[in-house]
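The structure appears below as structure tokens.
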Amino acid sequence: MRGRLRRALAAAAAAAAVLAGAAAPAQAEPAGTLALAGPVAQGEAAKFGYGTPDPHGANWIGVYHRGEGPVEEEYTEPSLAWAYAPEAEGEAEVDTAALRAGDYTAYLLARDGYEWLAEPVDFTVTDDRPVSFPADEITLRNGREGDAYQASVGGLASGGGEPEFSKASGPEWAEVAADGTVTGTPDQGGADAEVVVEAAGADGSTDRITAVVPVREEKEPLVGELDVMSYNTWHAGTQVDGYHEKQLRYLAESGPDIVGLQETEGEAAERLAGALGWYHWQSPGSLGVISKYPITEERGEVNASGSVKIALDGEESEVAVWNVHLGYTPYGPYDACDAGMPVDRILEREAESGRTPQIEDTVAAMEEDIAAAGDVPVLLLGDFNSPSHLDWTEANREKNCGYADVPWPASTVPAGAGLTDSFREAHPDPVAEPGTTWSPLFPRRDGATGVKEPQDRIDFVYYAGDLEVRGSEALVAGDPQVYPDHAGNEWTSDHAAVMTAFALDG
């Protein structure tokens, strides 16, 4: 939702300076030095030696994906890992426990900013662990009796060098290729097929996963129930150690079919879909959509939203999906609970935040989809960075700092256009079922300290069309420790996710 870490705050300041015309002039070739002391295995710290003629207590080393980061000495995105390097000459350890195996670039940067003090250093994090799957079981996309089937689990395995895959057990129709692709033609509908896949690492290690294929009967619609999730990944998950495997485990165990992602850092949708064997759409910035079923149309972006069309059963069953990440500041509950502003001033500041025009632009762009929702259902998912008018009611006045009947535009605009809040349809009483998504990591303003943080439902799954809500819930994995003790959490976000189960064919 909001930038909580020092690097994100520094980034915002740098970006603001650029927008204000205060960007520093081009610098001469940096006089400092930066060097990596030895290889880096996943889970280990990266140890750097450095030197600079301009020492400062806020000089720092930042790690980014290879070739990314402040390549023009300007902020582009939060660092993946970092450490201060305050001396004229010294050594610094950067905790890279959150990084997955891959290629990275380290920069020695000046004074909590982005001016280079030395030439960047490229390095690689290797994965020397035994081969393993992130979960014991995963449900793949549906199959149908008599129809050719294909899905993959090969991207789920980590470690073990370049593993090869084989079928350990399962129905005769299912085959498993060396790359982990499951193929065949199901011969019996109405039941789940379980295919046990074994991964064998080049180091001799092995692991297994049970791939469950729900098989529909011949001529039956391919998808009868659709599980839809909105999931803010919190800087793509990079604030938590081992985030990639943890995200895969969460998605495998929670079982969504379609996920709207926010804070993807321009990569999480492609990365997660690649590992899951799913389809994806990835924006250059915050937004992404991943799906078990084919994305047949990418509609691009409109203000703070993006849209795709997904074929659940060819042209016989489609769904239009919109994903949003609305502006985060100023934040309405702070205006209410901290400043005690009158409601009309709060609403003025909703517009100033960008949320009001963003949701208005999004809903306007959805007009044709909403009008056609009787034929093709439409979904609106996302991090709205705003509560709902359905939650700020008279019954919740005490919880909501003395306010009631606040018409938050981020929720009234979709409702006015004919979209239904699926969680509140499943749970009409906001007192009995608050559905809080902000925030499992911030019960107080600074996590474990500070004033109490307003707890609200700010992540939503809206819908229109021929869908029946079967259930909806706010989800986290494990028992998240609050900020700043979050690095070891099983849950990789600062939001809870929200998932709604829809029936399509009764």
Side-chain angles (χ1 to χ4, degrees), residues 1-2 230 232 260 262 303-305 322-367 370 373 378-439 453-464 469 472-474 495-498 500:
M1 173 186 149
R2 296 172 286 273
S230 179
N232 181 308
Q262 304 89 42
N303 206 335
S305 66
W322 292 77
N323 184 28
V324 303
H325 188 191
L326 304 184
Y328 71 89
T329 185
Y331 184 49
Y334 292 171
D335 290 345
C337 297
D338 293 357
M341 292 182 184
V343 171
D344 28 347
R345 179 56 184 146
I346 291 173
L347 297 181
E348 288 176 357
R349 283 169 60 82
E350 287 296 293
E352 292 169 10
S353 74
R355 285 186 293 275
T356 302
Q358 287 166 350
I359 194 62
E360 289 174 343
D361 288 352
T362 295
V363 168
M366 295 177 67
E367 185 175 355
I370 294 171
V378 58
L379 299 162
L380 173 62
L381 325 171
D383 171 7
F384 287 63
N385 275 315
S386 169
S388 170
H389 67 288
L390 300 177
D391 299 347
W392 282 55
T393 62
E394 185 62 42
N396 257 341
R397 182 183 290 274
E398 182 177 354
K399 178 259 180 189
N400 292 325
C401 305
Y403 289 77
D405 302 319
V406 179
W408 298 105
S411 63
T412 59
V413 170
L419 293 161
T420 298
D421 178 342
S422 64
F423 183 90
R424 201 46 76 210
E425 179 169 335
H427 308 286
D429 185 349
V431 177
E433 293 286 349
T436 301
T437 62
W438 180 262
S439 165
E453 175 76 3
Q455 299 296 298
D456 268 296
R457 190 171 61 99
I458 66 172
D459 302 82
F460 300 91
V461 175
Y462 286 94
Y463 77 98
V469 175
S472 187
E473 55 187 331
H495 290 236
V498 58
T500 298

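Everything quoted here is computed from the prediction, not taken from an experiment.
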Can any side-chain N or O of H495 pair as donor or acceptor with the backbone N or O of D383 at less than 3.5 Å? no

Would you check if E425 and T500 make a side-chain contact, meaning some heavy-atom pair closer than 4.5 Å? no

Below 4.5 Å, heavy atoms only, C-beta onward: do E473 and V498 meet side chain to side chain? no

Can a donor-acceptor pair be found, under 3.5 Å and without considering hydrogens, that links the side chain of R355 to the backbone of P330? yes

When you check the side-chain N and O atoms of Y331 and E350, is any donor under 3.5 Å from an acceptor? no

Shortest non-hydrogen contact from A417 to V363? CB-CG1, 3.3 Å

How close do L381 and G260 get, counting heavy atoms only, and between which atoms? CD1-N, 3.6 Å

Going from CD on E394 to OH on Y403, what distance comes out if it is rounded to the nearest 0.5 angstrom? 14.0 Å

Between the side chains of H389 and S411, does any donor sit under 3.5 Å from an acceptor? yes

Would you confirm whether R397, through its side chain, and G402, through its main-chain N or O, come within 3.5 Å as a donor-acceptor pair? yes

Where N385 and G327 come nearest, the two heavy atoms and their spacing: CB-O, 3.3 Å

Any donor-acceptor N or O pair under 3.5 Å, side chains W392, D456: yes

When every non-hydrogen atom of A410 is compared with those of Y462, the smallest separation belongs to O-OH, 4.2 Å

For Q262 and S230, does a side-chain donor sit closer than 3.5 Å to a side-chain acceptor? yes

CG/N400 to CG/D391 distance, rounded to the nearest 0.5 angstrom? 7.5 Å

Find the distance between CD (Q455) and OG1 (T437) and round it off to the nearest 0.5 Å. 9.5 Å

Could you check V461 against S422 for side chain to side chain contact (heavy atoms under 4.5 Å, CB included), going step by step and ending with a plain yes or no? CA-CA 6 Å; V461 175; S422 64; 3.5 Å; yes

R349 CZ to D335 CG distance, which is reported to the nearest 0.5 Å: 4.0 Å

Taking C-beta and beyond as the side chain, do V378 and L419 meet within less than 4.5 Å on heavy atoms? yes

Assess the residue pair S386 and L326 against the criterion (side chain to side chain contact (heavy atoms under 4.5 Å, CB included)); give the C-alpha distance rounded to whole Å, side-chain angles, the decisive distance to 0.1 Å, and a yes or no. CA-CA 8 Å; S386 169; L326 304 184; 5.8 Å; no

Ignoring hydrogens and geometry, is there a side-chain-to-backbone donor-acceptor pair from D421 to F423 under 3.5 Å? yes

May I ask you to check whether over 12 heavy atoms, not counting those of E367, lie within 6.0 Å of atom CD? no

Minimum heavy-atom separation for T362 to S305, with atom names? OG1-OG, 3.0 Å

Whether F460 and F384 hold their rings parallel, tilted or perpendicular, with breakpoints at 30° and 60°: perpendicular

Hey, does P430 have a side-chain heavy atom less than 4.5 Å from the side chain of L390? no

d(R424 CZ, S388 OG) to nearest 0.5 Å is 7.0 Å

Distance (rounded to the nearest 0.5 Å) between D459 CG and N232 CG: 6.5 Å

Give me the atom names and distance for the closest heavy-atom approach of R457 to G435. CG-O, 3.2 Å

